[in-house]
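Working notes, beginning with the structure itself.
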Amino acid sequence: MSDCIFCKIAAKEIPSQLVYEDERVIAINDIQPAAPVHILVIPKKHSANIMEIAADDQGIAGYVMEVIPQIAAQAGLAEEGFRVVVNTKEIGGQTVPHIHWHLLGGRNMKWPPG
C-alpha cells in the first residue's frame, strides 16, 4: 500500500532502527516504546490486521511465531521472559493499519495489561 507507513519502512523509503530482517518480515525498535525493549515484528506483505490476512498468506502468523524467539534472544529477553501482543483494529489498540506483533520486555509485565 502506497500510504502505509510500515510498507514504506519495509521498502526502506523511511528510515528505522532495524533489528532483524529476512525475506518475509522486518523487526524494528518502536519509536514510542512501552517497555525498555519494544520491538515491532512486521510482515513485509501488507495485511491491515489479523482479520484480513490473505488466504494465500495464512502461514505468516506461524512464521512470525518462529522468528520471535530468535529476535527475543538477540535482544537479551530469552532468559528473563517477554510479552508478545497483536492489537486488532482501533478498539483493540491498533494504531497502524498493517498487522504487526509487539515484542515487549526488560521489565515485569502486569496483568491485565490495560
Side-chain angles (χ1 to χ4, degrees):
M1 295 199 97
S2 62
D3 62 339
C4 173
I5 190 167
F6 286 168
C7 287
K8 289 179 180 181
I9 289 170
K12 307 291 193 296
E13 296 172 16
I14 296 175
S16 65
Q17 293 182 346
L18 189 70
V19 297
Y20 176 86
E21 181 175 21
D22 65 26
E23 68 282 349
R24 297 180 73 185
V25 302
I26 62 168
I28 61 173
N29 286 317
D30 194 301
I31 62 170
Q32 296 180 335
V37 176
H38 188 167
I39 297 169
L40 305 177
V41 182
I42 307 164
K44 290 182 176 181
K45 183 176 178 184
H46 184 88
S47 292
N49 57 57
I50 206 162
M51 302 297 294
E52 298 182 17
I53 294 175
D56 65 344
D57 205 25
Q58 291 292 318
I60 193 63
Y63 183 75
V64 169
M65 289 295 128
E66 287 180 31
V67 298
I68 282 177
Q70 179 181 344
I71 297 166
Q74 179 181 323
L77 300 176
E79 291 297 317
E80 295 293 322
F82 54 90
R83 176 173 285 164
V84 177
V85 177
V86 179
N87 298 320
T88 304
K89 299 186 179 185
E90 185 177 342
I91 294 296
Q94 186 178 13
T95 58
V96 177
H98 183 124
I99 190 169
H100 57 285
W101 284 252
H102 295 258
L103 172 58
L104 301 139
R107 67 169 171 83
N108 286 331
M109 298 290 151
K110 306 288 185 203
W111 195 261

Hydrophobic cluster (4.5 angstrom, side-chain heavy atoms) - remaining members for W101: V19, Y20, V25, V37, I39, V41, I50, M51, I53, I60, Y63, V64, M65, V67, I68, I71, L77, F82, V84, V86, I99, L103
- prompt: Which residues satisfy the salt bridge (Lys or Arg N to Asp or Glu O under 4.0 Å) test with R107, sequence neighbours excluded?
  reply: none
field: K12 atom NZ: more than 12 heavy-atom contacts under 6.0 Å
entry: yes
message: Minimum heavy-atom separation for G106 and P36, please, with both atom names.
response: O-CG, 3.4 Å
- prompt: Can you name the nearest heavy-atom pair linking K44 to I26, along with the distance?
  reply: CE-CG2, 3.6 Å
field: More than 12 heavy atoms from other groups under 6.0 Å of CD on E79
entry: no
message: Can you tell me if Q32 has over 12 outside heavy atoms packed within less than 6.0 Å of its CD?
response: no
message: Restricting to non-hydrogen atoms, name the atom on S16 and the atom on I28 that form the minimum distance, rounded to 0.1 Å.
response: OG-CG2, 3.4 Å
query: Going from CG on L40 to CG on D30, what distance comes out if it is rounded to the nearest 0.5 angstrom?
result: 4.0 Å
query: Which atoms form the tightest heavy-atom contact between A35 and G105, and what is the distance?
result: CB-O, 3.5 Å
- prompt: With sequence neighbours left out, what residues match N87 under side chain to side chain contact (heavy atoms under 4.5 Å, CB included)?
  reply: V85, Q94, H102
- line: So SG of C7 and NE2 of H46: to nearest 0.5 Å the spacing works out to 5.5 Å
Other residues, nucleotides, ligands: >12 heavy atoms within 6.0 Å of E21 CD: yes
